[in-house]
There are 2 protein chains.
Amino acid sequence: MAADTPSSRDKILDVAEALFARRGFSGVGMREVADTVGLGKSSLFHHFRTKTQLYFEMLDRVLGRIEERLTPVLASPAQPLDKIDAGIDTLIDALAEHPSTARLLLRSLFEDDDFPEQAQEPEQAAAEARLGRILDSIRRLLDDGVAQGVFRPVSVPHTMQTLIGATVYHFASGELGEGLLGEPLLSADSVRRRKEELRNLLHHGLAAQPARDGRNDP
Amino acid sequence: MAADTPSSRDKILDVAEALFARRGFSGVGMREVADTVGLGKSSLFHHFRTKTQLYFEMLDRVLGRIEERLTPVLASPAQPLDKIDAGIDTLIDALAEHPSTARLLLRSLFEDDDFPEQAQEPEQAAAEARLGRILDSIRRLLDDGVAQGVFRPVSVPHTMQTLIGATVYHFASGELGEGLLGEPLLSADSVRRRKEELRNLLHHGLAAQPARDGRNDP
DNA sequence: GTCTATACTACGATAGAC
DNA sequence: GTCTATCGTAGTATAGAC
């Protein structure tokens, strides 16, 4: 399936994703995007009204890939602790698939000020709505776990923040993270180890009782 | 002590800190810095050779404030678990003191590509060395805790990544974090709660045995 | 130490030919 | 749907008067 020779639009979105992830909204010029795609600068404005629209359409596409994978996992009828394991596996796989994803997501959280004050593009609202849906489904999972007594009586918002930090931040940490780990962030080994460490932390730190584990602990 | 009418240099650094935190290196112009300080654009270049130098000198100042507070705490002869509690308290206090600190630190991790390729400024090396010292002292603490059996046999690098995410990311998360919490990230209540949640998570998730706690858990 | 003036490049965006 | 040409603005940085 797929691989239908990609349209110019898709090629532009691919390039924009890689460049915005590396240098942020203000750090990337339409000229650079055009050159990388192999088009003239003006041709970009035929496909996207403004740079801001290009940015948010690309961001929504990234969020869509996450939502698509995470939603079925979090909607399953499994127990909260199993669902959080599966959800973290899925999220980490999604972040590890494209090196730009985590960086883009993290950058998007504090690049709201970067955009020209003009009338806000509708694509921005779409991306924000999608992020809201993803966060809501995570919140429901944690709410359920606490209500059922499977999790300690933690603050759900704070726990969500910790989970985002432990997943998105980790895979966005670039040279610093690789320097600490001593290996690439996205190698198969490194990704598996991250899942394992995080799962162990949560089984000990979030579950109401330490829980039957995988390996790694006495 | 202090409050000696600040020099132009100090005022420029203060303004640069706030602006770079909000919009990143590429998103801020020397013109905007100058206007905010109340100087002509050219006067900035009398105090700082280039925009890049201004950026790294400001970043080193921010890291210096952290190092200054964290070093004595992490060098004390206390037990690992007490030291990690104290270290997190200290780090969170430092991050909560200026709203720009966490954002600046997080941005700095993936803005390495943003700078012109020219000969790298010596101020960059100074800032990187300072960050290295801070990370080393944290790593030693975790190494000790694992070696003494006070902590579970976790991966120290992965645990450092989790700690950075749980502190720096949290206080850098801006509107998203405030939307989740339903209150300002930097209010006294919110800061206290963050410390408490993180302490509880670590006492259950990192300590080898669950540990006598504060409150909040049965 | 601050200013005005300026050099040169790049930016986002548009017009209009093909 | 892509191109060349152009507009107006803002970018970093420098020269030189005060």
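Since the model is a prediction, treat every value here as computed from it, not as a measurement. Order of the sequence lines fixes the chain letters, A, B, ..., with proteins taken first and strands second; residue numbering starts at 1 for each chain.
For B:Ser43, the listed nucleotide lying nearest its side chain is C:dC3; candidates were C:dC3, D:dT2, C:dT14. Of the listed nucleotides (D:dC3, D:dG11, D:dT12), D:dG11 has the atom at the smallest distance from the side chain of B:Arg31. Listed candidates were C:dT6, C:dC3, C:dG12. Nearest to the side chain of B:Leu39 is C:dC3. Comparing C:dC3, C:dG1, D:dT12 by their closest approach to the side chain of B:His46 singles out C:dG1. Nearest to the side-chain atoms of B:Lys41 among the listed nucleotides D:dT14, C:dT2, C:dT6 stands C:dT6.
Side-chain contact between A:Arg61 and A:Asp14 is present, with at least one heavy-atom pair separated by less than 4.5 Å.
For A:Arg152 and B:Glu197, the salt-bridge test fails: no basic side-chain N is under 4.0 Å from an acidic carboxylate O. With salt bridges taken as basic N to acidic carboxylate O contacts below 4.0 Å, one links B:Glu121 and B:Arg49.
Computed from coordinates, the B:His47 NE2 to D:dA13 C1' distance equals 16 Å when rounded to whole Å. B:Asp114 has its CG atom 15 Å from the C1' atom of D:dG11, to the nearest Å. A:Phe45 places its CZ atom 14 Å from the P atom of D:dT2, with the value rounded to the nearest Å. To the nearest angstrom, C1' of C:dG1 lies 12 Å from NZ of B:Lys11. Between B:Phe48 atom CZ and D:dT14 atom P the separation is 15 Å, expressed in whole Å. Put simply, CZ on B:Arg23 is 10 Å from P on D:dG11, counting in whole angstrom units. Computed from coordinates, the A:Asp35 CG to C:dA10 P distance equals 11 Å when rounded to whole Å. Taking atom NZ of residue A:Lys51 and atom P of nucleotide C:dT14, one finds them 15 Å apart after rounding to whole Å.
Separation of the A:Tyr55 and A:Phe48 ring centroids does not fall under the 6.0 Å cut-off.
Residues that satisfy the ring pair (Phe, Tyr, Trp, His ring centres under 6.0 Å) test with B:His47, not counting sequence neighbours, are absent from this structure.
Using a 4.0 Å heavy-atom criterion, one finds that A:Val28 contacts the sugar-phosphate atoms exclusively.
The base of C:dA13 is not paired with the side chain of A:Ser42 by any donor and acceptor separated by under 3.5 Å.
Phosphate contact (OP1/OP2 of D:dT2, side-chain N/O of A:Ser8, threshold under 4.0 Å): present.
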